[in-house]
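Step one of this worksheet: look at the structure below.
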Amino acid sequence: MRGFAASLALMAIGIALAAAAGGREALTAVGVAVAGTGAVVGVASAFWIIGRSEDRERDGREGR
């Protein structure tokens, strides 16, 4: 769950930076990069949670 919170925080910061850029290309680029990083963290968190649940299910079937 922390991964999703970090993802949302990064996306919010990135969007705020891009919105406050006021036409400055460098700040807009930084904002887009930060928001993109947040999106990647969110997707990675989802895959990690899914993989963890599959591992627990497999361990349960194997009787561990």
Side-chain angles (χ1 to χ4, degrees):
M1 205 55 142
R2 274 187 260 170
F4 289 121
S7 170
L8 291 174
L10 283 171
M11 287 192 293
I13 291 168
I15 291 169
L17 279 173
R24 291 175 286 197
E25 291 180 22
L27 192 54
T28 301
V30 170
V32 169
V34 171
T37 301
V40 170
V41 168
V43 171
S45 294
F47 277 113
W48 182 71
I49 289 169
I50 291 168
R52 221 175 67 183
S53 69
E54 289 174 351
D55 289 344
R56 280 188 298 226
E57 181 182 336
R58 185 177 50 246
D59 288 345
R61 281 184 298 188
E62 293 176 356
R64 290 185 187 180

**Message:** Tell me which one of Ile15, Thr37, Val40 satisfies side-chain contact (heavy atoms from CB on, under 4.5 Å) with Leu10.
**Reply:** Thr37
**Request:** State plainly whether the residues Asp55 and Arg58 are in salt-bridge range, i.e. N to O under 4.0 Å.
**Result:** yes
**Asked** For the residue pair Gly3 and Ser45, what are the closest heavy atoms and their distance?
**Response** CA-OG, 3.2 Å
**Prompt:** Which atoms form the tightest heavy-atom contact between Gly38 and Ser7, and what is the distance?
**Reply:** O-OG, 2.6 Å
